[in-house]
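Encoded as structure tokens, the structure appears first; notes follow it.
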Amino acid sequence: MDFLAIDVETANSDMASICQIGFVVYENGQIKKEWSSLINPEDYFDFWNESIHNITEDDVIESPKFPEIYEVLKQNLENYVCVCHTHFDRVSINRTCEKYGLPAIQNNWIDTAKVARRCWNEFAYKGYGLANVCKKLGYSFNHHDALEDAKASAHILISAIKEEDNTIDEWIIRVNNPILANAKTYSKSVSKEGNPDGNLFGEVLVFTGSLQIPRREASVLASEIGCNVVNSVTKNTTLLVVGDQDISKLSGKNKSSKHLKAEELKIKGQNLRILKESDFVALYESNKE
């Protein structure tokens, strides 16, 4: 049972703004190596992100930048099956490589959210967040510390392997199959309902602003990977995709009403991410079947 579990934290809603990386290496079912580092993202820190992980700009000012730890990351990730919880960490690393013009790191990934959704029935379609799954498993950890989250992801995978008496290779195959053996085939004609077998099932997504992709086509892409696409930002919204522009530099009056409402909900504590269109495209590319 050899694998590497990894987690990242970001400074703001840009998935390429990594400010902390942690990973743990397991060999033969035992921890062989732990590694964690703060990263200077060369980007601004959003209040909401700081409130989640408690990492500030002052904390990382003397820390290495991503290109300085790239080789360490590459050498470790390329030697193992890589484990993370949801798509976020995988996409974030790829987006950060793109940001610095570095080659993408080639490896096999396994998403423990997809594992949990197939291993335990209560998580099939909801409640499969890292903290909730670990609560069921009786595993305590310091959530939103990258190394702690990486270890939690590893614990979920190990628990699932024991639960099903199978292997990592068997889980890699299984997570690419429908959650239920008799699941209905998803119809692309249902353009705004999330594909229940999509990686992002449970996410509620809203588009705003001028997109390069036609809005109807973007809605179909989002629904294919599991997102339920709706028209309005509400307390149920988890993702807001903003037309490709520098969303960090717009003044308030130039933001759409949806964008302002999303920021208001984030300040109140709602777990809602605001993505650029390019991040959405990267999200789709990394989660499409």
Side-chain angles (χ1 to χ4, degrees), residues 3-25 34-50 52-113 130 144-150 153 199-200 225 239-242 244-249 273-288:
F3 65 89
L4 178 151
I6 191 166
D7 184 89
V8 309
E9 302 294 332
T10 59
N12 55 56
S13 59
D14 188 336
M15 297 175 83
S17 65
I18 292 177
C19 63
Q20 188 185 36
I21 300 177
F23 68 74
V24 58
V25 174
E34 296 180 8
W35 185 92
S36 179
S37 177
L38 293 174
I39 308 294
N40 184 341
E42 301 184 279
D43 206 339
Y44 76 101
F45 276 69
D46 183 273
F47 169 79
W48 186 82
N49 292 67
E50 287 184 352
I52 293 295
H53 49 53
N54 292 317
I55 299 170
T56 67
E57 189 168 354
D58 288 342
D59 293 329
V60 305
I61 197 165
E62 301 293 336
S63 299
K65 301 176 178 65
F66 186 82
E68 297 173 66
I69 58 92
Y70 172 78
E71 284 301 326
V72 172
L73 204 59
K74 183 174 183 289
Q75 288 171 11
N76 283 278
L77 267 65
E78 288 186 341
N79 286 327
Y80 296 95
V81 170
C82 297
V83 177
C84 61
H85 198 79
T86 79
H87 60 281
F88 183 83
D89 310 283
R90 170 169 48 87
V91 175
S92 186
I93 290 170
N94 289 337
R95 292 279 291 111
T96 308
C97 287
E98 291 175 9
K99 171 182 173 180
Y100 288 104
L102 298 167
I105 299 174
Q106 303 299 320
N107 44 23
N108 292 319
W109 289 88
I110 184 166
D111 178 346
T112 49
L130 185 64
H144 298 302
D145 172 87
L147 180 57
E148 286 280 296
D149 285 3
S153 298
N199 293 349
L200 273 62
I225 58 175
L239 293 171
L240 176 72
V241 178
V242 181
D244 234 352
Q245 50 194 316
D246 188 346
I247 59 176
S248 67
K249 295 179 179 176
R273 286 190 290 132
I274 300 174
L275 306 178
K276 295 184 293 187
E277 183 181 357
S278 54
D279 280 334
F280 166 71
V281 172
L283 198 63
Y284 171 76
E285 291 294 332
S286 64
N287 284 283
K288 67 181 181 181

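Counting from 1, the numbers follow the sequence of the chain as shown.
Checking side-chain atoms of Q20 against main-chain N and O of A146 turns up a donor-acceptor pair under 3.5 Å.
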Report the C-alpha separation of H53 and N49 in whole Å, then their side-chain angles, then the decisive distance to 0.1 Å, and conclude whether the side chain to side chain contact (heavy atoms under 4.5 Å, CB included) test is met.
CA-CA 6 Å; H53 49 53; N49 292 67; 3.8 Å; yes

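Distance check, rounded to the nearest 0.5 Å: CG of N108 to CD of E78 gives 11.0 Å. Here the CG-SG distance, from N107 to C82, works out to 4.0 Å after rounding to the nearest 0.5 Å. For the atom pair OG (S17) and CG (D43), the distance works out to 5.5 Å, reported to the nearest 0.5 Å. The CZ atom of F280 sits 12.0 Å away from atom CE of M15, with the distance rounded to the nearest 0.5 Å. With rounding to the nearest 0.5 Å, the separation of CG in N287 from CG in L200 is 5.0 Å. The distance from atom CD1 of I55 to atom CG of L38, rounded to the nearest 0.5 Å, is 5.5 Å.
Using a 4.5 Å heavy-atom cutoff, the side chains of H85 and D7 are not in contact. With a 4.5 Å cut-off on side-chain heavy atoms, I225 and N199 do not count as touching. Taking the side chain as every heavy atom from C-beta outward, W109 and D111 never approach each other to under 4.5 Å. At least one side-chain heavy atom of F66 sits less than 4.5 Å from a side-chain heavy atom of I21. Considering only heavy atoms from C-beta on, N76 stays 4.5 Å or farther from W35 through its side chain. D279 has its side chain out of reach of R273: every pair of non-hydrogen atoms, C-beta onward, lies at least 4.5 Å apart. Using a 4.5 Å heavy-atom cutoff, the side chains of V241 and L283 are not in contact. Counting only heavy atoms from C-beta outward, the side chains of F45 and V60 approach each other to under 4.5 Å.
Residues C84 and D89 approach most closely at CB-OD2, 3.7 Å, considering heavy atoms. Nearest heavy atom pair, residue F23 against residue L147, reads O-CD1, 3.4 Å. Taking all atoms of both residues into account, the shortest heavy-atom contact from V91 to A282 is CG1-CB, 4.3 Å.
Residue pairs meeting the side-chain hydrogen bond (donor to acceptor under 3.5 Å, both in side chains) criterion with at least one partner in residues 59-71, sequence neighbours excluded, are T56-D59.
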In residues 96-104, what donor-acceptor pairs under 3.5 Å come from side-chain atoms, sequence neighbours left out?
unit_1	atom_1	unit_2	atom_2	d
T96	OG1	S92	O	2.7
E98	OE1	R95	NH1	3.3
K99	NZ	A16	O	3.3
K99	NZ	P41	O	2.8
Y100	OH	E42	OE1	2.8

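For the side-chain hydrogen bond (donor to acceptor under 3.5 Å, both in side chains) test, residues two or more places apart in sequence or in another chain that qualify with D149 are H143. Remark: W48 engages no residue in a ring pair (Phe, Tyr, Trp, His ring centres under 6.0 Å) (not counting sequence neighbours). Not counting sequence neighbours, the partners of Y80 by the side-chain hydrogen bond (donor to acceptor under 3.5 Å, both in side chains) test are E27. Contacts of E50 classified as side-chain hydrogen bond (donor to acceptor under 3.5 Å, both in side chains), with partners at least two apart in sequence or in another chain: none.
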